[in-house]
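A short worksheet on the structure shown next.
First the proteins, then the strands, lettered A, B, ... as listed; each starts at 1.
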Amino acid sequence: MGIRSWTAARSSEGRLRRAFFDRPATGLARALLGARLRVAGPNGARTARLVEVEAYLRGDPASHAYRGRTRRNRSMFRSPGTLYVYRIHQVVCANLVARRGEAVLLRAAAIEGDGDPREGRGPGRLCRALGITIADDGATVVGPGRFVVYGPARSPRVVRRGPRIGIRRAAERPLRFWLEGEPSVSRPRRTTASASPTRSRDGGRYPRSRTRSRPSSGGGRRGGRTAGR
DNA sequence: CCTCGGATCAGCT
DNA sequence: GCTGATCCGAGGA
């Protein structure tokens, strides 16, 4: 289901509404690139422009929701626009819930305002830079609260896609999306963290589909269907 | 209960 | 490039 009307999905100030998030995570991931996440805190607000995201889908073995609902992943089954924050090792990572059971991992952002924009490099650092903690799990960005997401500027941008990072299952699926030329984006990884060093199967080349998003041609996604599965 | 390993990151070779 | 930190959730016994 596509977004029927973009004006219905954004407020006049560009704030994204629930309808914007209520769709498959792949499309939401792409659409979120360039969007701004604003987090209010005791010392004022910080805003970050999203430059790298990953989609986690229904029936996706890499998704935390794959084996059904548990205490940890319950936020993934809440309404679109909910934050799903989980802990890994010593850090937390944040997702935005798409349609039920799907989510978009926020992998990297350019931090705006004071400080180093690269503080938002990587999902753990992104959360740290914005002050997102495990206590924010289950919060929403489409209602009252400390979180707001503003839609991407309607300016040209080049979206690239490739395999997700740091996962073992379904690692080949090209569900990571990023903006070309952004310094906060994760460096391409050549070898998947695997026990076998010499085991590179496709030579590290994946089909990069480039999608141009233009100011007023909202729906014009073009060709670039890659060898996804 | 116990074991396993991770949607990471910093630091080292 | 590779390893360890560090700890909790998930899943099996």
Side-chain angles (χ1 to χ4, degrees), chain A residues 21 24-30 32-33 37 48 50-78 82-111 115-139 141 160-178 183-201 203-204 206 228-229:
Chain A
F21 297 92
T26 304
L28 178 62
R30 190 188 286 275
L32 280 172
L33 288 174
L37 171 61
L50 303 176
V51 299
E52 182 188 2
V53 295
E54 286 177 356
Y56 287 86
L57 312 176
R58 290 177 185 164
D60 177 357
S63 172
H64 287 174
Y66 184 59
R67 294 169 189 278
R69 183 171 170 168
T70 66
R71 181 174 193 82
R72 176 217 205 181
N73 68 19
R74 58 188 172 183
S75 296
M76 283 190 72
F77 297 90
R78 299 185 70 182
T82 297
L83 273 172
Y84 165 47
V85 182
Y86 69 91
R87 173 189 244 291
I88 178 166
H89 298 276
Q90 282 107 285
V91 302
V92 299
C93 301
N95 298 250
L96 286 168
V97 175
R99 71 178 178 182
R100 192 171 192 79
E102 301 196 1
V104 175
L105 171 68
L106 310 182
R107 280 204 60 91
I111 306 297
D116 184 354
R118 289 165 151 243
E119 284 176 23
R121 177 180 185 162
R125 297 185 195 102
L126 185 157
C127 286
R128 178 192 287 250
L130 292 176
I132 295 172
T133 72
I134 196 69
D136 294 310
D137 181 43
V141 301
R160 294 226 187 178
R161 81 185 293 183
R164 295 175 292 189
I165 289 181
I167 58 171
R168 297 171 59 97
R169 291 171 298 191
E172 75 287 352
R173 301 186 69 176
L175 293 175
R176 181 168 69 108
F177 297 88
W178 67 94
S184 294
V185 171
S186 307
R187 283 189 177 179
R189 297 209 172 170
R190 340 211 134 187
T191 65
T192 312
S194 178
S196 34
T198 56
R199 181 81 172 275
S200 77
R201 82 165 59 86
Y206 42 81
R229 308 160 94 275

Could you work out which one of C:dG11, B:dA7, C:dA10 sits closest to the side chain of A:Arg67?
C:dG11
Send over the distance from A:Ile88 CD1 to C:dG4 C1', rounded to a whole Å.
14 Å
Interatomic distance where CD belongs to A:Gln90 and P belongs to C:dG9 [whole Å]:
15 Å
Round to a whole Å and report the spacing from CG of A:Asn95 to P of B:dA7.
11 Å
How many whole angstroms separate atom CG of A:Leu57 from atom C1' of B:dA7?
13 Å
Return yes if some donor-acceptor pair links the side-chain N/O of A:Glu102 with the main-chain N/O of A:Pro24 below 3.5 Å, else return no.
no
Check the distance between B:dT8's P and A:Glu119's CD and give it to me in whole angstrom.
19 Å
Minimum-distance nucleotide to A:His89 side chain [options: B:dA7, C:dT6, C:dA10]:
C:dT6
Integer-rounded Å distance: B:dC9 C1' and A:Leu126 CG:
14 Å
For the pair A:Arg176 and A:Glu52, find out whether any cationic side-chain nitrogen is under 4.0 Å from an anionic carboxylate oxygen.
yes
Nearest to the side chain of A:Arg168, heavy atoms from C-beta on, is which of B:dG6, B:dA7, C:dC8?
B:dG6
Give the rounded distance in Å between these two atoms: CZ of A:Arg72 and C1' of B:dG6.
8 Å
A:Glu54 versus A:Trp178: any side-chain heavy-atom pair under 4.5 Å?
no
Dot-bracket assigned to DNA chain C with the 3.5 Å Watson-Crick/G-U criterion, [ ] for crossing and | for other-strand pairs, is |||||.||||||.
Under 3.5 Å donor-acceptor, A:Arg128 side chain and A:Gly124 backbone:
no
Tell me whether A:Ser63 contacts the main-chain N or O of A:Tyr56 through its side chain, where contact means a donor paired with an acceptor under 3.5 Å.
no
Is the ring centre of A:Tyr56 under 5.5 Å from the base ring centre of B:dA7, and are the two planes under 30° apart, so that they stack?
yes
Ranking B:dT8, C:dC8, C:dA10 by distance to the side chain of A:Arg87, first place goes to C:dC8
For B:dT8, does either OP1 or OP2 sit under 4.0 Å from a side-chain N or O belonging to A:Arg107?
yes
So, OP1 or OP2 of B:dA10: does either fall under 4.0 Å of a side-chain N or O from A:Arg125?
yes
Ignoring hydrogens and angles, tell me if any N or O in the side chain of A:Asn95 forms a donor-acceptor pair with the backbone of A:Val97 under 3.5 Å.
no
Given A:Arg164 and A:Asp60, is the salt bridge (charged side-chain N to carboxylate O under 4.0 Å, His left out) satisfied, shown in steps?
CA-CA 12 Å; A:Arg164 295 175 292 189; A:Asp60 177 357; 2.6 Å; yes
Atom CG of A:Asp137 and atom C1' of C:dG9: how far apart are they, to the nearest Å?
13 Å
Can you tell me how far P in B:dC2 sits from the matching atom in C:dT6, rounded to whole Å?
23 Å
